[in-house]
Number of protein chains: 2
Amino acid sequence: MSLRQFEYALAVAEQGSVTAAAELLRVAQPSVSQQIRSLERELGVKLFARTATGLVPTVVGRAFLREAEVAVNASRRARATARAGADDLVGELVVAAQMGFGTRQLPGALGTLRRRFPRLEVTVFEEPSSAELERLCRRGVLDLALMAACERSPANAHHLGDEEFVVVLGAGHPRLAADRVDLRELEGEPWVRFDRDSALDGVLLNVLRDNELTPTTVARVSQTATAVRWAAHGLGVTLVPASAVPHGHEHLVRPVFPVVSQPVIAVVRPGAGPAETALFDLLRQETWHKAASFSPVS
Amino acid sequence: MSLRQFEYALAVAEQGSVTAAAELLRVAQPSVSQQIRSLERELGVKLFARTATGLVPTVVGRAFLREAEVAVNASRRARATARAGADDLVGELVVAAQMGFGTRQLPGALGTLRRRFPRLEVTVFEEPSSAELERLCRRGVLDLALMAACERSPANAHHLGDEEFVVVLGAGHPRLAADRVDLRELEGEPWVRFDRDSALDGVLLNVLRDNELTPTTVARVSQTATAVRWAAHGLGVTLVPASAVPHGHEHLVRPVFPVVSQPVIAVVRPGAGPAETALFDLLRQETWHKAASFSPVS
DNA sequence: GTACTCGAACTGACGAAGGCTCATCGGCTC
DNA sequence: GAGCCGATGAGCCTTCGTCAGTTCGAGTAC
């Protein structure tokens, strides 16, 4: 069975004869006749009854033609979609973000993208594991990935900006009296950490090591919102990207000294099309400056 | 573009590589590779991105594959429908009935047909013009036709039974006192007749001629229900098939003498399939005896 | 850091199958 | 009897598949 046979059969049904259908299709009459007969032979049923003035669909032929028409129409939409994709932005964009990074910038860029290109669909998911995210990039299943830069960032990474990290303290914590917190003063504090092998936990480990702090783990969580909430309740302190702090917790947040920030990169698939490129451009236009959430820059 | 290319592309997307897709499709790997590239060349877009470990759909590729899957699924349903049609009764049956004939028998048979074969769809329409009905039969667009027999009935006509005609009188009409009406006694009565060239009018003309009655036309109508209603209101008298008398008018109806009946034939399309045959068998099982509506026969 | 191996896609040649045109024939209708 | 329609057969061209081989990138061993 082929689309060509479907189109020939539909034309015969519509025109009422093989000769008229052949004229419409701009092929010779025997070509249509042969294709119809070949289709009937393959299916083992008579799709058309032969009359002196032409062909008419049989009972089962009509049912068959209904589905054949669905197939032909879908193939026309497929072609139109592909053609449109070469010029306009249609299709399905797959984006992954390393959890905690770009939590405010990515939605902003996606909102603008959707308004400009309504026919473009976007699938976004967060990926906690750095190794897994890099593996997905290498496999090519992602159109664009947002992640923290590290020593094994891919060669096609583009630096977007820096994500500043802040400490979240419990309500009533004495360090809230200051505008910012010296990391050394957090010696002995229990930490709400993230899952092992996650980028966020890697950042914390580096910070603790660089400041000669002993990591005392009170909990391990998967979500940044959970970490912030538990820290706010006084379970311990936690270190998260500033953009990941939910509304309503700003009063429990303090920048740290020395400043902790992580360069954020976008990895775009090699040979990117117009959709990925558009999103990348929008992400670059977002605000990625240091301490963005505390000293607004126009 | 072809269904084969769609199937290959969907397999590649699902399996993640040309080699795995080829194995699934039981063809050699270069065959799949060539079909994918040929499709991309024809469309002028990249449907897949090449990676070291295989192919992955691009943004536009995913949109394309969605429609391609619709087309492939429809073609599978088309094939299944055709195959089922060869064994079971699926499809769309087209039936025409000459107006006024088989008005009770046809619905009965169709009801039974629908209960037995739920997947079979039936389209029925009434056709007033004998000539037009015969033309449709010759053109082969009908699977089955019900009509009054006449001198130019097709060779493949099957006699089902006879349709008795009755006269409808106005309320208060003196002839209602008798159990039946002698046609000669209707001399001078005005007639509610049917459209010219209709089978029902042909029957009336023959009856009037045979009984040496002068046709006085008071109205011409298209519907049997309209003729009965107008006669009931005393506009004139009318002659209709017994089975066409609506409920609630039986008391105004009388058989006539000499008896007027018309043989009813079913014309089945040459090379009929199981659906037409089934309906024909059911119609033959219906009650077609003379005066069926007045002397019930089990 | 380099060399080797493995897996994957791509390329070219060749044979088989499919699709089209052309010429023709048989059947039906007007 | 003329015209229209579908079907048939021959011949040619295109498409599809296989086979053998090449190229490229990633992973591993040294």
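The basis for the numbers below is simple: all heavy atoms, side chains too, and nothing from hydrogens, waters or symmetry mates. In this text, all values refer to a predicted model and were calculated from it rather than measured experimentally.
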inquiry  = Walk along nucleotides 18-25 of chain C from 5' to 3' and tag each nucleotide B, S or - by protein heavy-atom contact under 4.0 Å, base first, then sugar-phosphate.
reply    = -SBBBB--
query = What residue pairs, at least two apart or across chains, pass side-chain hydrogen bond (donor to acceptor under 3.5 Å, both in side chains) with a residue in residues 60-73 of chain A?
reply = R62(A)-D143(B), R66(A)-E121(B), E67(A)-R77(B)
task = Report yes if a side-chain nitrogen or oxygen of T53(B) is closer than 4.0 Å to either non-bridging phosphate oxygen (OP1 or OP2) of dG7(C); otherwise report no.
result = no
task = Round to a whole Å and report the spacing from CD of E23(B) to C1' of dG17(D).
result = 17 Å
task = Rounded to the nearest angstrom, tell me the gap between atom CZ in R37(B) and atom P in dA8(C).
result = 18 Å
key: Residue pair F64(B), F6(B): steps toward the ring-ring contact (aromatic ring centres under 6.0 Å, His included) verdict   = CA-CA 9 Å; F64(B) 174 90; F6(B) 289 177; 5.7 Å; yes
task = To the nearest Å, give me how far apart CG (L55(B)) and C1' (dC24(D)) are.
result = 14 Å
request  = Specify the separation, in whole Å, of atom CD1 of I36(A) and atom P of dA7(D).
outcome  = 9 Å
task = Assess whether atom CD of E23(B) is packed by more than 12 heavy atoms of other residues, nucleotides or ligands within 6.0 Å.
result = no
inquiry  = Parallel, tilted or perpendicular: which one describes the rings of F280(A) and H158(A), with boundaries at 30° and 60°?
reply    = tilted
Phosphate OP1/OP2 of dG6(D): any T19(A) side-chain N/O under 4.0 Å = yes
task = Check for a donor-acceptor pair, side chain of R220(A) on one end and backbone N or O of F194(A) on the other, with a separation under 3.5 Å.
result = yes
key: Phosphate OP1/OP2 of dA7(D) contacted by R50(A) side-chain N/O (<4.0 Å)   = yes
request  = Rounded off to whole Å, could you give me the CZ-to-P distance for the R41(B) and dC10(C) pair?
outcome  = 11 Å
query = Should S33(A) be listed as having a side-chain N or O under 4.0 Å from OP1 or OP2 of dA7(D)?
reply = yes
query = How close or far is atom C1' of dA8(C) from atom CZ of F48(B), stated in whole angstroms?
reply = 15 Å
inquiry  = Keeping T58(A) on the side-chain end and A49(A) on the backbone end, is there a donor-acceptor pair under 3.5 Å?
reply    = no
